[in-house]
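In this text, all values refer to a predicted model and were calculated from it rather than measured experimentally. Lettering follows sequence order; numbering is per chain, from 1.
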4 protein chains.
Amino acid sequence: MATQKSTRPPATAAERPHPDATRRSQRSRQAIYDAALELVGEVGYPKTTIEGIAARAGVGKQTIYRWWSSKADVLLEAFLDLGDRLVEAAGEEAYTIPDTGDVAADLKAVLRATVDELRDPRFEAPYRALAAEGVVNEELGRTFVARLLEPSLQLHADRLRSAQKAGQVRQDIDPRIALELFVSPLAQRWLQHTGPFSHAYTDTLVDYALHGLAPR
Amino acid sequence: MATQKSTRPPATAAERPHPDATRRSQRSRQAIYDAALELVGEVGYPKTTIEGIAARAGVGKQTIYRWWSSKADVLLEAFLDLGDRLVEAAGEEAYTIPDTGDVAADLKAVLRATVDELRDPRFEAPYRALAAEGVVNEELGRTFVARLLEPSLQLHADRLRSAQKAGQVRQDIDPRIALELFVSPLAQRWLQHTGPFSHAYTDTLVDYALHGLAPR
Amino acid sequence: MATQKSTRPPATAAERPHPDATRRSQRSRQAIYDAALELVGEVGYPKTTIEGIAARAGVGKQTIYRWWSSKADVLLEAFLDLGDRLVEAAGEEAYTIPDTGDVAADLKAVLRATVDELRDPRFEAPYRALAAEGVVNEELGRTFVARLLEPSLQLHADRLRSAQKAGQVRQDIDPRIALELFVSPLAQRWLQHTGPFSHAYTDTLVDYALHGLAPR
Amino acid sequence: MATQKSTRPPATAAERPHPDATRRSQRSRQAIYDAALELVGEVGYPKTTIEGIAARAGVGKQTIYRWWSSKADVLLEAFLDLGDRLVEAAGEEAYTIPDTGDVAADLKAVLRATVDELRDPRFEAPYRALAAEGVVNEELGRTFVARLLEPSLQLHADRLRSAQKAGQVRQDIDPRIALELFVSPLAQRWLQHTGPFSHAYTDTLVDYALHGLAPR
DNA sequence: AGCTAAGCGAGACGGTACGTCCTGTCTTGCG
DNA sequence: CGCAAGACAGGACGTACCGTCTCGCTTAGCT
């Protein structure tokens, strides 16, 4: 779901008073990202420590404290960086929603792709860790939403607007709310294990959301 | 959302090998629950420590480690206990969904009540903390869902089944999935601050879910 | 060196207010002695705990606290009891000093026997533990000296007095000080590992003590 | 009895794998020594805890565990350091044995001084604690003897050798054994309270040792 | 080319909390 | 009522990390 390639140095860091960023060691930075993602994958977020990241990255602790404000902050940027690298590898059209004219089919396709992505073990541990931290730490939560969720939500909203123009979705519908009818259930099942997490399920969500629960 | 009064000793505890529960000090137990909820409210979950809970409760640390396996476990039971006590205070009909025959009105009412409940500051901190922990700790997550979420979800499913009998909801709808169309968006907005959290919003969700996004 | 068979219940215990000693369980008492001596031998005095003794003896902790005031107290009595049992097994004449008329030969013989006894591994660990505790804990120290050391010292003093009568030791010598010339060096070498600990050594001590360092 | 000023870092420490000693905080080290000696004096050795030393010294516990292996080890070095400082304050000739040509007088003088020193309350508690620990913990015992006792014993042996040259002590006497005739009784009376501890007593010891118990 | 200043690896430091162990007291139920 | 059992409040243990700090060592960029 990381969608924007851009803007190193990153958002959260920019808000804090910084040492001279031009002298920053890119080698260390990348080693820290790698170590953080590996450790979260191996031992889980709570047992991932700054000392552990520094040791694995072959870096002094101070180098982490100099550039990031917290473990969550490191991991967030590491994850954004990972997303960027994967997107770059995947090519330009990777994170867009198709517009074939059939909104039901397009939404089903994108939700199926999201299901697959969320099952990717490279993503799972750090993504859950960040989501959890964001629930409890409002500042990180807002960054998480803005940097990771928002771009994807925007695409869904755009696709719904396009469907409104095509007459497949009612004009009086607010796309930002409408998209939650299928996106949020998916998110909740993944985050909270409240039920099976499959392509069949997301197809059903799209059908229910488009046609409603009430008889027509 | 704690719905069942019953069943002390609680689910999580039953799974671990236990000392003699008949000798257990109820005084200490209650003091621990109180201290845990107070501390989570005052300093937040991450800064709440077992040592701190023990000190405030006037209890030895071992008494906590004897009966619970983790900070999250303590808080989960404390929260369940709080729910039980509040339900008891509120009276029998507290956690039911009205069935006036108008499914839209009934769902709107219960979602409005949920919004209000989630804003209650006594609930907010511990509830978020548990939800976050459950995202990352699967065992606790399953208990969280089973003990806190499930009873409430069951009520929604029941109400939808009743609506199916009354012809207000289509027969081919699976109520367990259908309820997610309005419950999950609400949950996500609360957990992740993805948008305003109001009565107007939940009313809209019910309308969208019942009548669908597509033109009729 | 335990010389007196007698007098259960023992001295230290008699000074504290006691529960009804007539109902005391001899089974438990003996099990506690055995457990204490075993544990001191196996893991050393500092790692021997009251809980450990109680567990190995199959006894409640309270049974220990009821009858003894400290770990050292338990061990002291256990050791006295061990001494009594060994003396009983060895027969009456075990702890006496021979009086052949040759004071040098007699002292050499008894010191050689002491060397052998102090090397007995059944004695070593508890005896060292008690001696060490007695250095630091004056109350226990006095009991240790009175119950364990004193009887043996008395025998040495008696033998020296007999030698005075026989004209083998000067009349103006104080036997209580004189005996220290050979007993204390032996004790120190054993306690503090300040030198080899052998029959040759004790023979030398007796010769030096009897004839003095100065030329005659 | 600490006789060698020199050789920081000390013996015991050199045997264990060490962090970078050049970065070591001398401020902390001295504060730890002071706190340890104070606490042993105030509450006794068994109630002196590492936690307590750290707290009084204003130091993290880890700083103690980093440089010492046990409470006894801390105290040993603290005591050695104390000895060094006192010797430094006392001047060069402090720990030597006079050689006036009269071995009896010289030995009596030095034993009287030892009696006085052992009664100094600054020494008593830590010295007893170390001696006791050394009885039970062989490694510490050997260090205790080597660092604290040995230098003093060496001086006594030297004085006896000088007396041999002067014809005041027999040529066939082993000075390392001979010195025990008066040093060990003194040590035992002090450690085990086996009798009065006075100048008269040590004078007697020297007389007995030099002239022997047997009539001449 | 030499100098200064910053980032850097390293890791000691004062702290906090961990989870375990044991202390000495108290309570329960058995014999 | 002694006893086995063991829960309890308390507190020290030794470990792991926290976030800060200081040490030499690169490694620019500026004279």
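The side chain to side chain donor-acceptor pair (under 3.5 Å) check on Thr49(B) picks up nothing, with sequence neighbours excluded. When the side chain to side chain donor-acceptor pair (under 3.5 Å) test is applied to Arg85(B), the partners found at least two apart in sequence or on another chain are Asp81(B). In this view, Gln62(D) satisfies the side chain to side chain donor-acceptor pair (under 3.5 Å) rule with no residue, not counting sequence neighbours. By the side-chain contact (heavy atoms from CB on, under 4.5 Å) test, Arg142(C) is found to be paired with Glu138(C), His193(D), residues two or more places apart in sequence or in another chain being considered. Residues meeting the side chain to side chain donor-acceptor pair (under 3.5 Å) test with Lys71(C), sequence neighbours left out: none. Among residues two or more places apart in sequence or in another chain, the side-chain contact (heavy atoms from CB on, under 4.5 Å) test is passed with Ala132(D) by Ala132(C), Val135(C), Val136(C). Listed by chain and residue number, Ser28(D), Ile32(D), Val59(D), Arg66(D), Trp67(D) satisfy the side-chain contact (heavy atoms from CB on, under 4.5 Å) test with Thr63(D) (two or more places apart in sequence, or in another chain).
End-to-end axis angle of the helix from dA1(E)-dT31(F) to dG31(E)-dC1(F), using five pairs per end and rounding to 10°, comes to 10°.
Proximity of a side-chain donor or acceptor of Asp73(D) to a complementary backbone N or O of Ser69(D) within less than 3.5 Å is detected.
With ring centers used as reference points, Tyr127(C) lies 6.0 Å or more from Tyr45(C).
Of all heavy-atom pairs spanning Ala57(D) and Ala31(D), the tightest one is CB-O, 3.5 Å. Of all non-hydrogen atoms in Ala129(A) and Leu75(A), the two that sit nearest each other are CB-CD2, 4.0 Å. Residue Leu140(C) comes nearest to Ala72(C) through the heavy atom pair CD1-CB, 3.3 Å, listed as atom of the first residue, atom of the second, then distance.
In terms of phosphate contacts, Thr63(C) brings a side-chain nitrogen or oxygen within less than 4.0 Å of OP1 or OP2 of dA4(F). Phosphate proximity of dC3(F) to Trp67(C): present, with a side-chain N or O under 4.0 Å from OP1 or OP2.
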Contacts under 3.5 angstrom, residues 35-43 of chain D side chains, donor-acceptor by atom type, not counting sequence neighbours:
residue, atom, partner, partner atom, Å
Glu38(D), OE1, Arg56(D), NH1, 2.7
Glu42(D), OE1, Arg56(D), NH2, 2.9
Glu42(D), OE2, Arg56(D), NH1, 2.9

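Listed by residue number, the members of residues 41-57 of chain C with any heavy atom below 4.0 angstrom from DNA chain E are Thr49(C), Ile50(C), Glu51(C).
Nearer the 5' end of DNA chain E, as judged by each residue's closest nucleotide, is the contact made by Arg27(A), out of Ser70(C) and Arg27(A). Heavy-atom distances to DNA chain F give each of Asp20(C) and Lys71(D) a nearest nucleotide, and the one nearer the 5′ end belongs to Asp20(C). Both Gln62(D) and Gln26(C) sit near DNA chain F, but only Gln26(C) has its closest nucleotide nearer the 5' end.
If you take OH of Tyr65(C) and C1' of dC3(F), they are 16 Å apart, rounded to a whole angstrom. Put simply, CZ on Arg66(D) is 13 Å from P on dA16(F), counting in whole angstrom units.
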Enumerate the protein-to-nucleotides 24-30 of chain F contacts in which both atoms are nitrogen or oxygen and the separation is below 3.5 Å.
residue, atom, partner, partner atom, Å
dT27(F), O2, Arg23(A), NH2, 3.3

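Note that the first and last nucleotides of DNA chain E, 5' to 3', having any atom under 4.0 angstrom from a heavy atom of chain B are dA17(E) to dT28(E).
You'll find a donor-acceptor pair under 3.5 Å spanning the side chain of Lys61(A) and the base of dG19(F), going by distance alone.
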